[in-house]
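Please read all numbers here as calculations on a predicted model, not as lab measurements. Lettering follows sequence order; numbering is per chain, from 1.
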Number of protein chains: 2
Amino acid sequence: MKEIPDAKIQAWARLIRAQRVLLERVEQRLKDAGMPPLAWYDVLLELDRGNEGLRQYEIGERILLSKHNLSRLLDRMEKEGMLQRRPCPEDGRGSVVSITAEGRKLRRRMWPEYAAAIDEVFAGKITAAQAGEFSNTLQRLLD
Amino acid sequence: MKEIPDAKIQAWARLIRAQRVLLERVEQRLKDAGMPPLAWYDVLLELDRGNEGLRQYEIGERILLSKHNLSRLLDRMEKEGMLQRRPCPEDGRGSVVSITAEGRKLRRRMWPEYAAAIDEVFAGKITAAQAGEFSNTLQRLLD
DNA sequence: GGTTATTTGTTGCATTTGCAACTATATGGT
DNA sequence: ACCATATAGTTGCAAATGCAACAAATAACC
């Protein structure tokens, strides 16, 4: 059995914990401001970037959401008028999702609150150099 | 409105993403090995440390679980015979939770699998020095 | 001592997530 | 062309989570 040094175990534990704590604070702040959860923002951001509309599976890959889950998230967002689904011309199975004007508006309204929250819980507590180093480490872990 | 440098936004995004990806891999591995989710391990570990038994709220603080949620997690674990709840002598409202022999056995059985998973997704991808630095940064974020 | 506010834990209800099954289309092999 | 297999997305059902309301006991205040 592999012996993992305590310092690494501790780093692992802190990674899990810190992400949970910080993310929860951010979500709470959005909620307090009467805004939808972060997942909505993620979807809106991707849609806003992918101008021609995106296939569902593309969204799923980018925001790391399983397809059934995404399917229903999109249901909710579509019902609120934030996006549109239309059948995909090249692939009869799929649909193309695109953001509505309403969706763009929501995204723009969410960003300041989200940014303030990130600043409060994260960006304000770390220097640019530290953030760069931190980011590199995270990327290495993801590879 | 605060302007957050791109590098910090990216670091934030990676923190969220990396934790999700790595944690999911670990959870999946436990599941594949026929074992309960990580939350069970966390509870068992705390109980194993706190020899005399712990109050529920103490467990909740340590593993960052809200009380209603914890209440039901403990229900499930108690039903499986991993722990015991008995009324607290000093405080008529609360209960004292303690681990059973069965619970200790489960924790010991889970650890090798969990450790191997941590090694695979985290510890094996980072040097001790990097882990130390990383850990410090996370701690700073948590303060 | 009596009243009010807090804390501890549980429960009901709505929302979300995860899993497996399903439909429908597309792809690959022969 | 035909059959098997894989992919895109949806849906039903079970499990987990979040929220608000609640009971019971303690602590705080006068």
Beyond-backbone contact of A/Phe134 with B/Leu138, side-chain heavy atoms, under 4.5 angstrom: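 A side-chain contact under 4.5 Å exists here.
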
Atom-to-atom span, CG of B/Leu70 to P of D/dG18 - whole angstrom: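 The answer, rounded to whole Å, is 12 Å.
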
Length of the line joining B/Lys31:NZ and D/dA15:C1', which is rounded to integer Å: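 Distance check: B/Lys31 NZ to D/dA15 C1' gives 10 Å.
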
Which nucleotide wins on minimum distance to the side chain of [X], given the candidates [options]?
X: B/Arg93; options: D/dG18, D/dT11, D/dA25; answer: D/dA25
X: B/His68; options: D/dG9, D/dT26, D/dA20; answer: D/dA20
X: B/Tyr57; options: C/dT7, C/dT8, D/dT10; answer: C/dT8

Sugar-phosphate, base or nothing in reach of A/Arg55, heavy atoms under 4.0 Å: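 A/Arg55: backbone/sugar contact only, no base atoms under 4.0 Å.
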
Contact nearer the 5' end of DNA chain C, comparing A/Leu65 with A/Asp91: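 Its nucleotide being nearer the 5' end, the pick is A/Leu65.
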
Under-4.0 Å side-chain N/O to phosphate OP1/OP2 contact, B/Ser71 with C/dG9: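 The answer is no; no side-chain N or O of B/Ser71 sits under 4.0 Å from OP1 or OP2.
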
Side-chain N or O of A/Gln56 closer than 4.0 Å to phosphate OP1/OP2 of D/dT10: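 So the side-chain polar atoms of A/Gln56 do come within 4.0 Å of the phosphate oxygens OP1 or OP2 of D/dT10, strictly under.
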
Reported CD-to-NZ distance for the pair A/Glu3 and A/Lys8, which is rounded to 0.5 angstrom: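 Rounded to the nearest 0.5 Å, the CD-NZ separation comes to 12.5 Å.
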
Connected via hydrophobic side-chain network under 4.5 Å: B/Tyr57 and B/Leu54: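 In one cluster: no.
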
